[in-house]
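Encoded as structure tokens, the structure appears first; notes follow it.
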Amino acid sequence: MRVYRLVGPGELRRQRVTIPEPGPGDVVARVAVALTCGTDLKTIERGHARLKVPGDIGHEWAGRIETVGEGVSHLQPGDRIVAMPTAPCGDCAYCLRGAENLCLHLFEQMALGAYGEYIHIPRHIVNRYTLRIPDHVANLHAAFLEPLACIVHGADLVDLSGERIVVFLGDGSIALLFAQLARLRGAGRVVVIGRHLQRLDLARELGADFVVNAREADPREAVLAITDGLGADTVVECVGRPEAWQQAVSLVSRGGEALMFGGCGEGTIVELDAERVHYDEITLKGGFHYTADSVRRAWELICRGTLTLEPLITDQMSLDQLPEALERVRRREAVKIAIVP
Ligand SMILES: [Zn+2]
Ligand SMILES: [Zn+2]
């Protein structure tokens with residue numbers, strides 16, 4: 001089979017390998033569609049704090065089961081499925097206190113490799129996070145489960161209700177999805193700050209009340225103008241760069257909160273305005289990954305068709321065009337691209 005693997009930093013290579021065989025309890029699926037994701041770009045460019053390089057890459061996908069390992073009875077070859085890239089151990093100190101997204105063993109054995117014709121899903125993920133796709137749900141929509149589960153978890157960490165003014169820093173697919181969810185949870189006004197016209201137009205189409213093009217306007221001034229000089233109640237940082245983290249703090253109102261949703265590279269140090277954090281009582285939070293509950297609720301949103309997902313897929317390309325597809329996303333010419341093997 002064909003597969004793209006990350007063989008070193010910045011080095012994505014097309015390989016021909018044998019189709020994986022499922023061990024006891026495992027499943028091997030044929031990928032029907034994989035979605036490009038900002039995390040993949042970051043991992044290729046600068047490595048990842050939690051993922052191994054060299055290694056498999058690609059984690060947003062849907063497909064059909066090809067073979068099942070010994071002892072798998074709840075799934076069968078031919079089933080349309082989606083699977084999460086990780087599952088918690090259920091047994092470590094963090095799992096026991098309900099913080100499954102922080103599980104000590106989360107990244108030891110993953111289901112990565114969606115940028116290939118077949119993907120291997122290890123037993124613990126088969127048991128917990130491999131879901132059969134109902135007939136009325138398209139593969140393309142099901143493939144949004146991972147990013148959406150992360151967003152549902154992130155949304156639980158902040159207050160999006162009660163007419164609050166919520167600012168999203170970033171105009172990538174995460175911000176565009178999160179903004180929709182904020183609206184759904186009752187946010188009063190939703191503001192998306194970005195640097196790309198096409199994406200900002202899309203943000204407006206998907207329900208943002210205000211969009212700010214950071215190439216043309218100063219984000220802080222724009223947010224102050226929208227909020228009677230107070231700042232945003234909640235800021236959600238969806239970029240994953242130190243400058244954006246700093247900016248997030250500058251946009252929050254007194255007593256407000258900032259969710260750092262974009263992961264920075266390993267070893268990144270960010271300087272923060274300590275005066276604001278203390279004297280203005282600003283709450284800073286990190287938000288990472290997903291829990292069983294956020295996966296379940298994200299799946300409900302997808303199966304009910306509550307969110308508008310289609311416009312986020314701006315292109316479809318073949319597996320052989322993957323490097324070109326990722327380059328297009330990197331140049332911000334596309335939001336997400338559907339890769340069809
Ligand atoms: Zn992703
Ligand atoms: Zn654990």
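Counting from 1, the numbers follow the sequence of the chain as shown. One-based numbering, in listed order, for ligands and for the atoms of each.
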Inset, instruction - Decide whether Val239 and Ile151 are clustered together by the hydrophobic rule: side chain heavy atoms of Ile, Leu, Val, Met, Phe, Trp, Tyr closer than 4.5 Å, transitively. - result: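 Result: no, two separate clusters.
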Open item on the list: Are there over 12 heavy-atom neighbours, none belonging to Arg241, within less than 6.0 Å of that residue's CZ?
Closed with: no
Self-check item: Basic-acidic side-chain contact under 4.0 Å: Arg331, Glu333
Solution: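 Here Arg331 pairs with Glu333 in a salt bridge, since their nearest N and O are under 4.0 Å apart.
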Quick one: the SG of Cys95, the Zn ion (ligand 2), SG of Cys89 angle, rounded to 10°, please.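 It is 110°, given to the nearest 10°.
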Checklist entry - What's the OE2-the Zn ion (ligand 1)-NE2 angle here (Glu60, His59), rounded to 10 degrees? => result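 Value, to the nearest 10 degrees: 120°.
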Do His289 and Phe107 have ring centres separated by under 6.0 Å? yes
May I ask you to check if any N/O/S atom from His105 comes under 2.8 Å of the Zn ion (ligand 2)?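 Within the cut-off used here (under 2.8 Å), His105 places no N, O or S atom near the Zn ion (ligand 2).
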